[in-house]
Amino acid sequence: MRRKIERILSVWLVVCMILILSSCRGKADQTTTAETNQCNVFQASYIELPTHENRSVRADCVIATEEHIVFLQGWYTDPNDALSYRQELVWTDKVGNVQATHPADGFYGRTTCLFALSDTVFVIGSDEFGYCKAREYGLPGVSGNAIEWNIQNQNVEDAVLVGDTWAFIYAGGRVELFRDGKSIYTRPGHVDDIFSQRLVVQDNKIIWLSTNYKGDTEWVILDPASLSEKIVPVKDNILSVSGAECNSAFGYFYEAYDVVEQYDPETSSVVDFMSVLDTDIPPSRYQFIDDQPYVLDGDHIVYLNNPGTDSSACDPVEVVLLTRLDKNPHEGKTILTLGGHGVSSYNLICRAVYQFNTTHSDTRIRLRDYAYEYPYDSRDSFHQTLATLISDLSSGKGDDIITEGAFFDFSYLGEIGALVDMMPYLEKDPDLSADRWLPSIFELMKSGDSLYRFFPGFMFYGYFGNSTLLTGHERVSAEEMTRLSESLPSETILFPGITSSDLIVASILYDLEYFIDENGEFRISEEQMQALIDYALECGLAELPTYDYSTTDKYVRGKQVLFYSLIANAQMYHGIEQLIPEKTVFVGSPTLSGTAYICVPSTSLAISDATEHPEECWEFIKTMMLPEVQQSIIETGYFPVGASAFESFMEQAMHPEIRTPSEDTGLDLLDKSAVPEDCVERLRGIIDSLNTTGEIDDILSQIITEECTLALAGQKTAAETAKVLSDRVNLYLQSRKR
Amino acid sequence: MKRLSALILVGLILALTGCRFEALETTENFSSSMSEIASSSELSAATRAPLVWEPVIEDLMINISDPTNQRLTGRITDRVIIDAELLCSVDPNHPGKASVYSGGESLASESQRNMFTGDDWTLTESEEYPQYFDSQLIGTAYKDRYVDSSGQEYLCQTGPSYSPYSRVYTLRGRMTYSLGQSLSPEYYASTDFAFADEKTAHESAKSFLESAGIAINECYRVRRLSHEELDAELRVYNHSAEAAERFDADVILPGGWTEEEDAYWFTFFWDIGGIPEASQNFSGYLFLEGEFAERFGREEMPINGREIDVIVNAHGVDYVSLTGHFSSPVEMSSGDLMSLDELLVLFSEELYAISREHSFEDIKKSGVGEIVTLDCPEPITVNEVSLVYITLFERFTIEELKLRSFSEGESMLRPYWVIRCSQSQPDEGNPDRSASTRMFFDAITGECVKHSIYGGEQ
């Protein structure tokens, strides 16, 4: 389960990390941007590749000849045998109709290296002895004998043919040219530890781009005729275009969230190749996909969405073909912007935007990804960026719709008038009413009687307990947990690894209202502070061990009372109940007044008060409650907020036979067998009891940690800590109001 | 290149307490080369404190009476603590002679396929998985299903000849083995089970293997898996396992977990002339340098280890798995094996050489977790000492290889003393940082594979 939770969290976290990293690449370095007259909007369609029964077929790569698109796909005949990987070439026409399929035999293990010439394709790999070889294929099948080179035990990452000269690049960074089977030129990379490199043929020259882990890059233009080289300097070790590098044998392309750009190293010029914002690219239904797009030629791009989840599910690869249009079909539409950090990578948002854009003829949503527009790379710069963002929002420079909780405290922004209260829109909406939501979740979306934010799906987290060990301590609170911990045998622990200071932070932040007095001020008494210190010292650790703190086995064997977990669906909850033969109790996160049952919203959306199109924005927000979008949440394995979709999700849990393959995919890593009805009922009870959301104010958390660390170390009394903490928290809360 | 500090060699005193020491030629050569290295190093600029190493082996205790739990304890001054699991089937002080063998890598899958089938077993289902390379059949894997006269179902899995393995098991046995692998050693039972004592269960496993023609060494490992802990571990296991890996205990054990599922898990070693072959977790690569690399004509030497696992419970032998075996070894040469005393001398010298080359500061900077050094204030602990045969794969030219069929990878069996040692190497950013490495000493020539980095478990 730990692995499952980590994978789920990784969907949220990795995206943020990637975007933070990618945001380091600015666009300011663009040298020139050539203007072209061609339309940069593409039309999407799907290609269905041949499948093989009971095999998990993976599309390894794709390339284009003059007339065809050629896919290399493969599968393991024996999942336990790495050598049993079989591959085949699938030929389609340029609109995706399959024309021929040929086995790509004769290579040792998997190969992902293709090169196209006119209407033939070369597959390049290694033989059983590690020597490099290539085979040539045309539409009718394999032609001629294999070509072999005296290249042994080199991991060939890319190969191209120019005239009679083959060029290879090897893992780690080296290029080598062969003519008539003999090596005629070789050159190491200019930096060590090359991890990404590609070859492209342009004007009968070979262009080699190599990048190492530090981001140091080099472009080398090799002339096979003269065996001369030209090195293209890259300023400040940063590529002069932003975004992630696309796969292409056709040129150097970079995909940012808004545009795909083509870079010409010979002229250092950049050309907009495709407008991502104006192209409706269907988002993948898979949670984990692992490929950049393949730019095939001037008019075609292919996305290979290989499912990254359980291979035994044999889910087919999604192949999306984009074909250039002659004219932008979106000219004249009202454009709404939707901004948020990492928003272009949120599958859920992308699905909703895709749904909206493909069904509305007058209005169109464009994403603005704050990872690019408002980048930050540290806690300090985060707060500076946040200030800029809020300033932009209030001065009308912000977006129509904003999303994501890392930046925004929606309740606070609503109170200061920066957001539209959506409640009046909901109340007068003919299509939607409050009873369409799960009641407890709708309450958590509200701030008083206002509705400043909306989220379409959720999870919850907290501690689960062994009811036998909790006997006599049913009223869970921090003080009760202290008493329970004191009564436990020495070999039994209460919590899995958590620090004392984190226990205090959670107790205060998840129960902040408890400490707000009638004047709206934060007040913690000496007695309350002492109770929290006692709780933290008794139940928490001074510091976390650096090794992996796996506690499942202790909980299972009754040596640990509580088990922490994040729950996104009934299968995960059932998995927790199955850990112990005794009854499982949801304990939540103990606080002084009781306990916090914490809901984790998927993605929150709000309408900026500065928008000129609040009605249209509400139309988009409503999209999140459409059956199609709520269904997409189910397909990713999360609880939907819609009451009807939630019921459907629970029915599927109890009756797995009614699940569609798409619905199965979201549960790929879990036990998909039927969840008993009584277990589902207990889960409903927990969801009904959720009483807070999981967003934490980073600055408040920091203040509490700082003050409590001194108290936990005995350097300050409870009374001193209570006073300083109250003052500091109040100061911060007052500053926010200003 | 960083300049090394002046190195003052106070002296190399090899006093072996309680051990008989006869200097080998290799040791003498090494000592003289050490002096040369020391004098040349003295010319280097001083940038760090001199490394002083006067190895004195003390309090050495060898316990080989229990073949399942051999131990070696002692210390080398106060810098190396020896608290090691020992794997040695001969007298470590007088190990005698051993041979070097060459031969085919493994049995063909066909001959392994039926090696465990009982006389009263009936084949009920069979699946073949032919494996092709370049349209040429290179081997076949099999999955056969049998039922014995009592109605118990067995599965037999056999790998293709290029990746030989053989398993026979009941579903219950496979579940027990998987849970045993996942179970933390702290949950192993310490006393024998009611259905049979460990000796009886061992005899049962041994005779099962011998009846299949398998020669096993007298050393073995045993873990006791109680049904209560297996039951608990199943819940832990299923919680984190992916769908295809989970076990449905309700189907496999309709009556639930009972004492009948208490199990002994034995790990046996193939026997090569009275010496065990290295276990599977030795498989990986040796990284060679200098003469050694020159001799083999390569810098990376693939090596292999193999072992045999058997689960015995009240139902009998419930699970067996083994990887392929040297099919027909041919003796190439033979020689006297180095004694444990001599090994520890060589180890001390090797440790010194490594420590001279790798300062603690450099190791911390590099972040490499595979180098122990005397330059670190923390002691080095020897955790494992084994005298085992290791399979090395020789280097061939492309022409030579193409003359052979795919399944006939030539290999060589050589006896090695292998020492695994570890060291806590805390630094400011990571107080739990540690290093672990294995050193491979040719048990006949005494040569050490320098800076061996191991592909498998360290």
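Every chain is numbered from 1, with letters handed out A, B, ... down the list of sequences.
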Exercise. Are side-chain heavy atoms of R557(A) and E233(B) found at a separation under 4.5 Å?
Worked result: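 When only atoms from C-beta onward are counted, E233(B) and R557(A) do touch, with a gap below 4.5 Å.
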
Exercise. Does CG belonging to D678(A) count more than 12 external heavy atoms closer than 6.0 Å?
Worked result: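 Above 12, so yes.
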
Problem set entry | Region of Y187(B) in contact with chain A, defined by heavy-atom distances below 4.5 Å |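 Side chain of Y187(B) only, per the 4.5 Å heavy-atom cut-off to chain A.
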
Exercise. Within a reach of under 6.0 Å around CD of Q181(B), are more than 12 heavy atoms found that belong to other residues, nucleotides or ligands?
Worked result: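 Yes - once you tally the heavy atoms of other residues, nucleotides and ligands closer than 6.0 Å, there are more than 12.
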
For this session: Report the option among V556(A), I580(A), L579(A) that has the most heavy-atom pairs separated by less than 4.5 Å from atoms of chain B.
Result: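 It is L579(A).
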
Problem set entry | Atom pair OG (S240(B)) and CG (D553(A)), whose distance is rounded to the nearest 0.5 Å |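 Atom-to-atom, S240(B):OG and D553(A):CG are 10.5 Å apart.
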
Problem set entry | Working for side chain to side chain contact (heavy atoms under 4.5 Å, CB included), residues D671(A) and R246(B) | CA-CA 8 Å; D671(A) 181 353; R246(B) 289 191 193 100; 3.8 Å; yes

For this session: Inspect the surroundings of CD in E53(A) and state if more than 12 heavy atoms from other residues, nucleotides or ligands are less than 6.0 Å away.
Result: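 No - once you tally the heavy atoms of other residues, nucleotides and ligands closer than 6.0 Å, there are 12 at most.
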
Exercise. Going by heavy atoms in the side chains, are H239(B) and Y555(A) under 4.5 Å from each other?
Worked result: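 Side chain of H239(B) against side chain of Y555(A), heavy atoms only: no contact under 4.5 Å found.
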
Problem set entry | Counterpart residues, side-chain contact (heavy atoms from CB on, under 4.5 Å), relative to R174(A) (two or more places apart) |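 Residues passing side-chain contact (heavy atoms from CB on, under 4.5 Å) with R174(A): Y170(A), T186(A), P188(A).
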
Exercise. Measuring heavy-atom distances to chain B, does P581(A) have an atom under 4.5 Å in its side chain, in its backbone, in both, or in neither?
Worked result: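 The answer is both parts of P581(A).
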
Exercise. Contact part of L234(B) toward chain A, heavy-atom cut-off under 4.5 Å: side chain, backbone, both or neither?
Worked result: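 No part of L234(B) comes within 4.5 Å of chain A.
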
